[in-house]
Amino acid sequence: MKKYFYPALAVLILATSAFTFITATTWQIADGYSIGFSSNEASGIFKGFKGSIVFDDQNPAASKFDVLIDVTTINTGNGLQNKHAKSDEWFDATKYPQIHFSSQKFVKAGAGYQVTGNLEMHGAVKPITIPFTFQKTAKGGVFTGSFMVNRNDFKIGKPGGEVDDQIKVDISVPVTK
């Protein structure tokens with residue numbers, strides 16, 4: 001029995017060491033992030049952003065984003081327009097105070113990456129794919145991406161009108177370890 005035990009143990013150790021797991025890095029959102037939006041008639045930023053970012057540039061499949069934007073922090077540069085954007089005609093910030101994105105899948109795409117997940121805004125949940133890049137820095141890194149959102153998919157504002165249906169979203173999020 002002993003003559004088989006040690007060789008079997010050695011094979012087991014070698015086999016399990018072949019499946020070493022690389023853990024993705026948990027990143028902390030740093031100050032200086034920018035969550036901006038723009039269309040022909042409206043533009044601005046959201047000043048409240050938090051969440052969990054786990055990302056491994058060598059193994060994107062091990063990554064996970066779960067982030068929240070505080071709708072009440074919208075800033076268009078115009079106090080009256082901010083109030084209107086928070087009203088029930090647009091974001092209805094009292095009823096829907098957060099925009100939530102939760103990732104489902106990451107893939108390497110050219111010089112960057114793509115994350116597909118669920119975007120929840122104004123009570124509606126829609127799948128979305130966001131192209132982004134990750135640039136390492138001395139103290140961490142920066143995630144940068146741009147994508148379009150159809151505000152009608154989330155019943156924000158009235159269809160048509162002066163504001164474009166397609167809203168461009170630009171994101172820049174510095175992170176530290």
Side-chain angles (χ1 to χ4, degrees), residues 24 26-55 60-107 109 112-135 141-176:
T26 299
W27 298 93
Q28 304 304 312
I29 297 170
D31 291 337
Y33 57 80
S34 173
I35 312 297
F37 61 91
S38 60
S39 71
N40 63 334
E41 287 292 322
S43 64
I45 60 171
F46 290 96
K47 293 185 172 186
F49 180 68
K50 64 182 179 180
S52 169
I53 297 176
V54 178
F55 183 70
S63 302
K64 176 77 175 154
F65 291 173
D66 192 9
V67 293
L68 298 166
I69 296 171
D70 182 350
V71 173
T72 66
T73 67
I74 193 169
N75 186 345
T76 64
N78 177 319
L80 189 57
Q81 196 172 33
N82 294 345
K83 186 175 179 180
H84 188 147
K86 294 175 194 178
S87 76
D88 60 359
E89 187 177 337
W90 287 91
F91 282 101
D92 198 355
T94 301
K95 188 173 181 181
Y96 306 107
Q98 297 178 324
I99 298 169
H100 180 222
F101 178 76
S102 181
S103 65
Q104 306 296 316
K105 178 177 98 171
F106 286 79
V107 294
Y113 306 88
Q114 289 183 342
V115 57
T116 300
N118 290 322
L119 180 63
E120 181 178 0
M121 182 168 35
H122 201 250
V125 179
K126 301 286 180 185
I128 189 166
T129 298
I130 302 170
F132 71 94
T133 60
F134 179 68
Q135 182 67 45
V142 179
F143 292 94
T144 307
S146 292
F147 59 99
M148 302 295 285
V149 173
N150 186 329
R151 66 183 178 83
N152 296 319
D153 289 347
F154 298 94
K155 298 180 176 60
I156 294 178
K158 294 176 183 144
E162 293 179 7
V163 177
D164 287 338
D165 293 338
Q166 294 290 328
I167 306 296
K168 183 179 182 190
V169 179
D170 294 309
I171 298 173
S172 178
V173 179
V175 294
T176 58

How about Ile53 and Val173: do any of their side-chain heavy atoms sit closer than 4.5 Å? yes
Inspect the surroundings of CD in Gln135 and state if more than 12 heavy atoms from other residues, nucleotides or ligands are less than 6.0 Å away. no
Let me confirm one number: the CD1-CD distance from Ile130 to Gln114, rounded to the nearest 0.5 Å. 10.5 Å
Distance check, rounded to the nearest 0.5 Å: Thr129 atom OG1 versus Gln104 atom CD? 11.0 Å
For Phe106 and Phe132, take the angle between the two ring planes, folded into 0 to 90°, and tell me which bin it lands in: parallel under 30, tilted 30 to 60, perpendicular over 60. perpendicular
Just so I know, are the side chains of Thr94 and Asp88 near enough to count as touching, which here means a heavy-atom distance under 4.5 Å? no
Working to the nearest 0.5 Å, report the span between NZ of Lys95 and NE2 of His122. 7.5 Å
Indicate yes or no for a side-chain donor-acceptor contact from Lys168 to the backbone of Ser38 under 3.5 Å, with no hydrogens or angles considered. no
Side-chain touch Trp90/Val163, heavy atoms, less than 4.5 angstrom: yes
What one should report as the nearest heavy-atom pair of Ser103 and Ser63 is OG-O, 4.5 Å
Given side chains that start at C-beta, do those of Tyr33 and Val175 come closer than 4.5 Å, heavy atoms only? no
What orientation do Phe55 and Tyr113 show, parallel under 30°, tilted 30 to 60°, or perpendicular over 60°? perpendicular
Check for a donor-acceptor pair, side chain of Thr73 on one end and backbone N or O of Lys47 on the other, with a separation under 3.5 Å. yes
So, taking the atom named CD1 in Ile45 and the one named CG in Asp170, what distance separates them when rounded to the nearest 0.5 Å? 12.0 Å
Does any N or O in the side chain of His100 come within less than 3.5 Å of the main-chain N or O of Asn118, such that one atom is a donor and the other an acceptor? no
Testing Lys155, Arg151, Lys158 for salt bridge (Lys or Arg N to Asp or Glu O under 4.0 Å) with Asp165, which one passes? Arg151
Can you tell me how the ring of Phe46 sits relative to the ring of Phe91, calling it parallel under 30°, perpendicular over 60° and tilted otherwise? perpendicular
Taking Asn40 for the side chain and Asp164 for the main chain, is one N or O donor matched with an acceptor at less than 3.5 Å? yes
Determine whether a donor-acceptor pair (N or O, by modelled atom type, separation under 3.5 Å) exists between the side chain of Asn82 and the backbone of Thr76. yes
For residues Ser172 and Val142, determine if any side-chain heavy atom of one lies less than 4.5 Å from a side-chain heavy atom of the other. yes
Check: Lys126 and Met121 side chains under 4.5 Å, non-hydrogen atoms: no
Between atom CD1 of Ile69 and atom CG of Leu119, what is the distance when rounded to the nearest 0.5 Å? 8.0 Å
Does atom CD (Glu162) have a neighbourhood of more than 12 heavy atoms from anything else shown, all under 6.0 Å? no
Restricting to non-hydrogen atoms, name the atom on Gly112 and the atom on Thr133 that form the minimum distance, rounded to 0.1 Å. CA-CG2, 4.3 Å
CD1 (Ile99) and CD1 (Ile35) are apart, to the nearest 0.5 Å, by 9.5 Å
For a 4.5 angstrom cut-off between non-hydrogen side-chain atoms, does Asp92 reach Val71? no
Does a side-chain heavy-atom distance below 4.5 Å link Phe101 with Val115? yes
Residues Asp66, Lys64: salt bridge by 4.0 Å N-O rule: no
What's the shortest heavy-atom distance between Val54 and Ala62, and which atoms? CG1-O, 4.1 Å
For Ile29 versus Gly51, what's the shortest heavy-atom pair and its separation? CD1-N, 3.7 Å
